[in-house]
S.K.: 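Got a structure for you, questions after.
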Number of protein chains: 2
Amino acid sequence: MATPSETISPRRERTRGRLLDAAFDVFARHGVQAASIEAVCEAAGFTRGAFYSNFASKEELFLALTERETRAQLTALEAAAVNLGPDPVGADAPIRDAVRCVLAAVMPDPAAKQSWSVMALEFELMALRDPQVATRYSAQQRRLRNELVDTLDRLMKDLGLRFAVGSHDAVDLLLGAFEAGQRTALLTGSDDARPSTLIETLVDLLVTPA
Amino acid sequence: MATPSETISPRRERTRGRLLDAAFDVFARHGVQAASIEAVCEAAGFTRGAFYSNFASKEELFLALTERETRAQLTALEAAAVNLGPDPVGADAPIRDAVRCVLAAVMPDPAAKQSWSVMALEFELMALRDPQVATRYSAQQRRLRNELVDTLDRLMKDLGLRFAVGSHDAVDLLLGAFEAGQRTALLTGSDDARPSTLIETLVDLLVTPA
DNA sequence: GGTTCTCGATACATCCACGTATCCGATACA
DNA sequence: TGTATCGGATACGTGGATGTATCGAGAACC
């Protein structure tokens, strides 16, 4: 994938990485729109000159960041799927645990959880405003969602269960409930570790014996 | 409600109204963060002087706007409830129609639909960042949501149906699915009039005969 | 009809972020 | 070790948004 013969120097690679890390932090703290390029550079220990030598604009940075995050989520998802496949979790409420596990894979770090769900919101917003960004962004999202569908399908089959609705709809509903729950949790300030009971309610509705 | 003896001159009232209208427009078009106060004033046909004589900051404007909108949505909701109460819609798929009708009441204008769902996102974001805004904003949202719960409860009772889960959870799920569907619709560019089939799928899951 | 006060307009000073053009040190390569 | 290129730093000019202090017209009130 990506441009084949376009070799990137390791030095450049590192500074790009540090800039992305810093961007994640600063975006999470101050918001994507509100965050100045300067602030990102400062957090990364660089000057604006370095930034403009690596990215053309904040949009480019934004897309590179989501690219990296989506990629990380995809690999995390695959790893989780491998772990779940052969030997399902507890026998108690296997689906709940499994779903929770899969969701945790996509959104692992509880500290980053908050930052990420807020940033995801903002990313979506940027995409909603800029059609050019929208196409790239929604492609990324689609990939992630499809992967989720596949993983859950396989998981359900392994567990001898099935969704009451199409798996695409199921995933859409799950994601919607997940995000909604997380946001209201953030708003009300309740820092529950669990992704709200809403998901589990929905899972009970969605999952039926095969 | 509000400050009792603090009389507001009719003149002031009008300019405030025009500023709010303009803010709705400009916010929808350019985004809340991106929109400059100046732009709002220009759209309203005023100068910045007028603005600062009516609002202390953009946050104040924002809160006044959401206040007005939620109020409007609440009254629309009540009106819809009255219409639905005595004589349910079609006999075909009464719940679907009813739910769609209620949702349409909360989010009526198809043209404003897009603007509003984007703005709602952005509002939530502002609230997520500013704790002071969050308390006021989430109070508004809670009011609206509770009203929705009541309306749907009454509606279901009238139709001889019931939710498979608690009505609060049901409303949360419905709202989540609604927003998620709307946003993905916006992202993919499909300008469906219907609020996506996701809602109907969910309604079928949620609603059972009493 | 005159006086007062309200409210929006005008003008000003400030600040901050942006993007670019240029420079200089370090690294790679011979 | 000498040289050329790469990549980040420095410095500059610019534009736009903010908030405030002041002014003047017109409405309200007697």
Side-chain angles (χ1 to χ4, degrees), chain A residues 2-3 5-65 122 125-126 129-130 132-133, chain B residues 2-3 5-65 122 125-126 129-130 132-133:
Chain A
T3 44
S5 54
E6 187 177 317
T7 326
I8 312 121
S9 100
R11 184 185 175 189
R12 203 166 196 106
E13 190 78 26
R14 268 186 295 118
T15 51
R16 274 181 64 104
R18 282 172 61 187
L19 278 171
L20 286 178
D21 290 341
F24 190 105
D25 253 43
V26 176
F27 284 180
R29 219 189 313 283
H30 305 295
V32 180
Q33 308 237 27
S36 67
I37 293 178
E38 170 110 45
V40 172
C41 296
E42 191 178 2
F46 289 108
T47 63
R48 266 187 10 266
F51 174 86
Y52 283 107
S53 144
N54 280 282
F55 301 96
S57 64
K58 207 157 81 171
E59 278 71 37
E60 286 297 320
L61 176 65
F62 155 70
L63 281 169
L65 187 56
E122 210 157 2
L125 216 91
M126 275 188 81
R129 286 255 157 60
D130 185 339
Q132 190 133 12
V133 171
Chain B
T3 43
S5 53
E6 186 177 317
T7 324
I8 311 121
S9 98
R11 183 185 177 190
R12 205 167 196 106
E13 190 78 26
R14 269 186 295 118
T15 52
R16 274 180 65 103
R18 282 171 62 187
L19 278 171
L20 286 178
D21 289 342
F24 190 106
D25 253 44
V26 176
F27 284 178
R29 219 188 313 283
H30 305 294
V32 180
Q33 309 237 25
S36 67
I37 293 178
E38 170 109 47
V40 173
C41 296
E42 190 178 4
F46 289 109
T47 63
R48 271 192 2 270
F51 174 85
Y52 283 107
S53 144
N54 280 283
F55 301 96
S57 64
K58 208 158 80 172
E59 279 69 38
E60 286 297 321
L61 176 65
F62 155 70
L63 281 169
L65 187 56
E122 210 157 2
L125 222 95
M126 276 187 81
R129 287 257 156 58
D130 185 339
Q132 190 132 13
V133 171

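Every chain is numbered from 1, with letters handed out A, B, ... down the list of sequences. Both backbone and side-chain heavy atoms feed into the values below; hydrogens, waters and symmetry mates do not.
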S.K.: Donor-acceptor check, side chain of B/Glu122 to backbone of B/Val32, threshold 3.5 angstrom: yes or no?
M.R.: yes

S.K.: So, does B/Arg48 use its side chain to make a donor-acceptor pair with the main chain of B/Glu38 at under 3.5 Å?
M.R.: no

S.K.: Find every protein N or O atom lying less than 3.5 Å from an N or O atom of nucleotides 11-18 of chain D, and list the pairs.
M.R.:
| unit_1 | atom_1 | unit_2 | atom_2 | d |
| --- | --- | --- | --- | --- |
| D/dT18 | OP1 | B/Ile37 | N | 3.4 |
| D/dT18 | OP2 | B/Ile37 | N | 3.3 |

S.K.: Once you round it to whole Å, what is the distance between P of D/dG7 and CG of A/Asn54?
M.R.: 8 Å

S.K.: Decide yes or no for B/Phe51 and B/Leu61: does some side-chain heavy atom of the first lie under 4.5 Å from some side-chain heavy atom of the second?
M.R.: yes

S.K.: Locate the shortest heavy-atom distance separating A/Val40 from A/Ala22; write the atom from each residue and the value.
M.R.: O-CB, 3.5 Å

S.K.: To the nearest Å, how far apart are B/Arg12 CZ and D/dA28 P?
M.R.: 14 Å

S.K.: What are the two closest heavy atoms between A/Lys58 and A/Phe27, and how far apart are they?
M.R.: CG-CZ, 4.3 Å

S.K.: Identify the heavy atoms of B/Leu20 and B/Ala64 that sit nearest to each other, and give their distance.
M.R.: CD2-CB, 4.0 Å

S.K.: Taking only N and O in the side chain of A/Ser53, is any of them less than 4.0 Å away from OP1 or OP2 of D/dG8?
M.R.: yes

S.K.: Can you check whether A/Thr15 has a side-chain N or O nearer than 4.0 Å to OP1 or OP2 of D/dG7?
M.R.: no

S.K.: How would you give the extent of chain B contacts on DNA chain C, as first and last nucleotide 5' to 3' within a 4.0 Å heavy-atom cut-off?
M.R.: C/dT6 to C/dT10

S.K.: Going by purine N1 to pyrimidine N3 plus the second Watson-Crick contact, or the G-U wobble pair, all under 3.5 Å, which nucleotide sits opposite C/dA30?
M.R.: D/dT1

S.K.: Does a sphere of radius 6.0 Å around CD in A/Glu60 hold more than 12 heavy atoms from other residues, nucleotides or ligands, not counting ones at 6.0 Å or beyond?
M.R.: yes

S.K.: Under 4.0 Å between any heavy atoms, over every strand shown, what does B/Phe51 touch: base, sugar-phosphate, or nothing? Just pick one.
M.R.: nothing

S.K.: For a 4.5 angstrom cut-off between non-hydrogen side-chain atoms, does A/Met126 reach A/Asp130?
M.R.: no

